[in-house]
Structures are given as structure tokens and as C-alpha cells.
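Below you'll find the structure, written out as C-alpha cells, and then a few comments.
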Amino acid sequence: MVSADAAVDLMASSLHLVMLVVAVLIVPAMVVGLLIGLFQAATQINEQTLSFLPRLLVTLLAITLAGHWIAGRLMDFCVEVFQRAGALGSG
């Protein structure tokens with residue numbers, strides 16, 4: 001049986017990892033979206049592809065650049081979870 005402290009600690013670390021990974025992928029797209037929105041407001045150009053395509057490309061670039069780091073963090077977390085599970089089973 002998992003104690004309440006262990007469950008809360010696992011949930012906290014998993015939420016922290018999710019927020020970190022999502023921030024790495026979403027923040028650049030949000031910044032580009034804000035810049036495109038300001039450009040559209042200043043020039044009154046209301047083209048949907050003008051706002052979608054740059055955000056898509058920046059998100060793909062962020063995945064390309066940070067993919068190895070994200071995969072490493074997820075693998076480290078997976079190993080940590082299995083080590084905790086092994087410690088619970090033997091203890």
C-alpha cells in the first residue's frame with residue numbers, strides 16, 4: 001500500500017515535470033502568437049494562416065531543439081517511478 005506522503009510526492013513531481021515540458025513547448029508559440037497579433041492589429045491584416053503557420057513552425061522548432069532534453073527528463077522520471085515502486089515492494 002502506498003502511503004499518502006509518497007502518493008502526494010509522486011503527483012507533485014509528475015505535475016512539475018508536465019508543467020516544465022509544456023512550458024518549453026507552449027511559451028515560444030505564445031510569444032510568436034503575441035507578436036503576430038500585434039502585427040495584425042497594427043496592419044489590420046486578418047489572415048488566419050498568418051497567425052497559425054508561424055506558431056506551428058515555432059512549435060516544431062521547439063520540439064526539434066528540446067526533444068532530446070524532454071525525452072531525457074521523461075526517461076529519468078520513469079526510472080525514478082520504477083525505483084520508488086521497487087523500494088515500496090521490498091520495504
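Val58 and Val24 fall into different hydrophobic clusters, where Ile, Leu, Val, Met, Phe, Trp and Tyr residues are linked whenever their side-chain heavy atoms come under 4.5 Å apart, directly or through other members. Note on Leu65: it does not cluster hydrophobically with Ile70, by side-chain heavy-atom contacts below 4.5 Å among ILVMFWY residues. No chain of hydrophobic side-chain contacts below 4.5 Å, direct or via other Ile, Leu, Val, Met, Phe, Trp or Tyr residues, connects Val31 to Ile36. In the hydrophobic clustering of ILVMFWY residues, with side-chain heavy atoms under 4.5 Å counting as a link, Leu25 and Phe77 come out together. Follow the hydrophobic side-chain contacts under 4.5 Å out from Phe52 and you never reach Leu61; the two are in separate clusters.
The shortest side-chain heavy-atom distance between Ile63 and Thr59 falls under the 4.5 Å cut-off. Within the 4.5 Å cutoff, the side chain of Met19 has no heavy atoms near those of the Ser14 side chain.
Put simply, CH2 on Trp69 and CG on Leu20 are 3.5 Å apart, with the number rounded to the nearest 0.5 Å. To the nearest 0.5 angstrom, Leu57 atom CG is 10.5 Å from Thr64 atom OG1. We find the CG-CD distance between Leu50 and Gln48 to be 9.5 Å, quoted to the nearest 0.5 Å. Rounded to the nearest 0.5 Å, atoms CG (Leu15) and CG (Leu10) are 9.5 Å apart. Here the OG-CG distance, from Ser51 to Asn46, works out to 8.0 Å after rounding to the nearest 0.5 Å.
Pro28 and Ala23 make their closest contact through CD-O, 3.9 Å (heavy atoms, listed as atom of the first residue, atom of the second, distance). Of all the heavy atoms in Gln40 and Glu47, the pair that sits closest is NE2-O, 3.0 Å. Ser13 and Arg84 make their closest contact through OG-NH1, 4.1 Å (heavy atoms, listed as atom of the first residue, atom of the second, distance). Closest of all the heavy-atom pairs between Arg73 and Leu17 is CB-CD1, 3.8 Å.
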